[in-house]
Protein chains: 2
Amino acid sequence: MEDRIERIKKQLHAASYKLTPQREATVRVLLENEEDHLSAEDVYLLVKEKSPEIGLATVYRTLELLTELKIVDKINFGDGVSRYDLRQEGATRFHHHLICTECGAVEEIQEDLLGEVEKQVEKAWNFKVKDHRLSFYGMCHACQEKLVQQET
Amino acid sequence: MEDRIERIKKQLHAASYKLTPQREATVRVLLENEEDHLSAEDVYLLVKEKSPEIGLATVYRTLELLTELKIVDKINFGDGVSRYDLRQEGATRFHHHLICTECGAVEEIQEDLLGEVEKQVEKAWNFKVKDHRLSFYGMCHACQEKLVQQET
DNA sequence: GTAGCTGCAAAAGTTTTGCAGAACC
DNA sequence: GGTTCTGCAAAACTTTTGCAGCTAC
C-alpha cells in the first residue's frame with residue numbers, strides 16, 4: 001500500500017505534479033477499492049469520509065490527471081457515468097471485463113488474451129496497436145446456476 | 001437501402017412498434033452515414049435537414065428503441081457522448097474499432113477476431129458470452145507515414 | 001376512442017470552468 | 001513572488017421526463 005503510494009508519488013513528480021493531501025486521499029480510496037469500478041461521485045463520497053473538506057471538482061481534476069499519467073483507466077460500462085480503475089503495476093495493456101447482463105456483476109481479467117489477435121490486426125490493417133479495451137457481455141456463473149434451478 | 005428499411009420495419013412490427021415518419025427519417029440518416037459514428041446530436045441535425053419539425057427527444061427515443069431491438073449499437077469512445085452504429089445485417093456480435101489516438105480516425109473491423117478467445121473465457125471463467133466489445137487504440141497507417149516523413 | 005407517438009420545455013445528472021484564496025517552494 | 005492547487009459556485013452539456021396534443025387505426 002505505502003509503497004504503491006510512493007511509486008505513484010514518483011510518477012507524479014516525474015511529470016512535475018505534486019502529491020497533495022487531496023490527491024493522496026483520492027489515490028488511497030482507489031487503492032482500497034481496487035476491486036470495484038468507482039464513479040467520480042463514488043470516489044468523492046469515499047474521500048469525503050476521511051477528508052470532508054475536499055471538493056468534487058478536485059476529485060475530477062485528480063482523476064483526470066491520473067488518467068493522463070496512465071495510473072488509472074477511465075472506463076465506461078454504458079450507464080452514463082465514467083468509472084475509474086487502477087492499472088495493475090507495470091501493466092502496459094488495459095485489462096478486460098466480464099459484465100453480467102443479468103445481475104450487473106463485473107469481473108476483471110488480468111490475463112492478456114489478445115497477443116495473437118493484436119499481431120493479426122497490426123499486420124492486416126497496418127495499425128500500430130498501443131492499447132486495447134475488451135469487454136464481454138453475457139451471463140456469469142451464478143446467474144447460470146440460478147437459471148438452471150428455476151427451470152427444474 | 002429500401003429493402004433494409006423494409007426489414008427494419010418488420011423488426012419493429014414484430015416487437016409491436018411502428019415505423020413512423022420520424023423513425024424512418026432517423027433510420028435513413030443512420031443508413032446514409034453507416035461509415036460514421038454519429039452522436040445523438042449529429043443524428044438530430046442530419047434528420048432536421050430533411051424533417052425540420054423533428055424534436056431531439058424523438059431522436060433519443062428512436063435511438064433507444066433501435067438499441068433495444070439490437071438494430072443499432074450504442075457505443076462510447078470516451079468523449080462524453082454516446083454514439084450509434086448500425087449492426088451489420090445478420091451480425092450477432094458487436095464489431096470492433098481501431099481508434100487512432102493521433103488523428104481520431106475510427107476504422108471498423110467486421111471480422112470476428114475473438115472466436116477462440118471467447119471459447120477460452122467461457123471455459124476458464126464459466127461465463128456464457130453473448131456479446132463483446134473490442135477497441136484497439138494506437139496509430140493508424142496514415143499517421144505512421146506522417147511520423148516517418150517528419151523524422152527525415 | 002384509445003393506444004402509441006411526438007414536440008416542446010423543463011428537469012436531471014454528470015462534468016467542466018472561472019475565480020479568489022491557500023499552500024508551498 | 002510566482003506557481004500550483006483547491007473549494008465553491010456557476011455554467012455547460014448530454015440525456016431523460018412530463019405533458020398536452022396529434023395520428024392512425
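All values below were derived from every heavy atom in this structure, side-chain atoms included, with hydrogens, water molecules and symmetry-related copies excluded. The chains referred to below are lettered A, B, ... by the order of the sequence lines, with proteins before strands, and numbering in each begins at 1.
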Open item on the list: Between P on dT14(C) and OH on Tyr84(A), what's the gap in Å once rounded to a whole number?
Closed with: 12 Å
- [ ] Whole angstrom is fine here: how far is it from CG in Asp79(A) over to P in dT15(D)?
- [x] 13 Å
- [ ] Please determine if Glu118(B) and Lys123(B) form a salt bridge, counting it only when a charged side-chain N lies under 4.0 Å from a carboxylate O.
- [x] no
Open item on the list: Does dT16(C) have OP1 or OP2 under 4.0 Å away from a side-chain N or O of Tyr60(A)?
Closed with: no
- [ ] Rounded to the nearest angstrom, tell me the gap between atom CG in Asn76(B) and atom C1' in dT15(D).
- [x] 13 Å
Open item on the list: Do Arg133(B) and Tyr137(A) form a cation-pi contact, if we require the NZ or CZ to be under 6.0 Å from the six-membered ring centre and within 45 degrees of the ring's axis?
Closed with: yes
Task: Contacts of Lys74(B) that satisfy salt bridge (Lys or Arg N to Asp or Glu O under 4.0 Å) - sequence neighbours left out - done: none
Show each protein N/O and nucleotides 6-10 of chain C N/O combination with a separation under 3.5 Å, one pair to a line.
residue: dT6(C); atom: OP1; partner: Thr20(B); partner atom: OG1; Å: 2.5
residue: dT6(C); atom: O3'; partner: Gln22(B); partner atom: NE2; Å: 3.0
residue: dG7(C); atom: OP1; partner: Gln22(B); partner atom: NE2; Å: 3.3
residue: dG7(C); atom: OP1; partner: Glu53(B); partner atom: O; Å: 3.3
residue: dG7(C); atom: OP2; partner: Gly55(B); partner atom: N; Å: 3.1
residue: dG7(C); atom: OP2; partner: Thr58(B); partner atom: OG1; Å: 2.5
residue: dG7(C); atom: O5'; partner: Glu53(B); partner atom: O; Å: 3.3
residue: dG7(C); atom: N7; partner: Arg61(B); partner atom: NH2; Å: 2.8
residue: dG7(C); atom: O6; partner: Arg61(B); partner atom: NH2; Å: 3.2

Open item on the list: Distance alone, cut at 3.5 Å: any donor-acceptor contact between the side chains of Asp73(A) and His95(A)?
Closed with: no
Open item on the list: Heavy atoms within less than 4.0 Å of DNA chain D: which residues of residues 29-37 of chain B have one? Give them sorted by number.
Closed with: none
Task: Set of side-chain hydrogen bond (donor to acceptor under 3.5 Å, both in side chains) partners for Asp131(B), sequence neighbours left out - done: Arg87(B)
Task: Glu116(A) with Lys119(A): basic N within carboxylate O range, under 4.0 Å - done: yes
Open item on the list: Both Lys74(B) and Lys18(B) contact DNA chain D. Which one's nearest nucleotide lies toward the 5' end?
Closed with: Lys74(B)
TODO: Find the distance Asp42(A):CG to dT15(C):P and express it as a whole number of Å.
DONE: 10 Å
TODO: Starting at CG of Asn76(B), measure out to OG of Ser82(B) and round the result to the nearest 0.5 Å.
DONE: 5.0 Å
Open item on the list: For Arg28(A), give me all partners under side chain to side chain contact (heavy atoms under 4.5 Å, CB included), at least two apart in sequence or on another chain.
Closed with: Met1(A), Glu2(A), Ile5(A), Glu24(A), Glu32(A)
Open item on the list: Measure CD/Glu24(A) against C1'/dC24(C) and give the value in whole Å, please.
Closed with: 16 Å
- [ ] Nearest whole angstrom, please: distance from the P of dT4(D) to the CG of Leu19(A).
- [x] 17 Å
Task: Sequence neighbours excluded, every pair satisfying salt bridge (Lys or Arg N to Asp or Glu O under 4.0 Å) that has a member inside residues 100-114 of chain A - done: none
Open item on the list: Without decimals, in angstroms, what is the distance between Leu65(B) CG and dG4(C) P?
Closed with: 13 Å
- [ ] Pick base, sugar-phosphate or nothing for Ser82(B), based on heavy-atom distances below 4.0 Å to the nucleic acid.
- [x] sugar-phosphate
Task: Separation of atom CD in Glu64(B) from atom C1' in dT15(D), rounded to whole Å - done: 10 Å
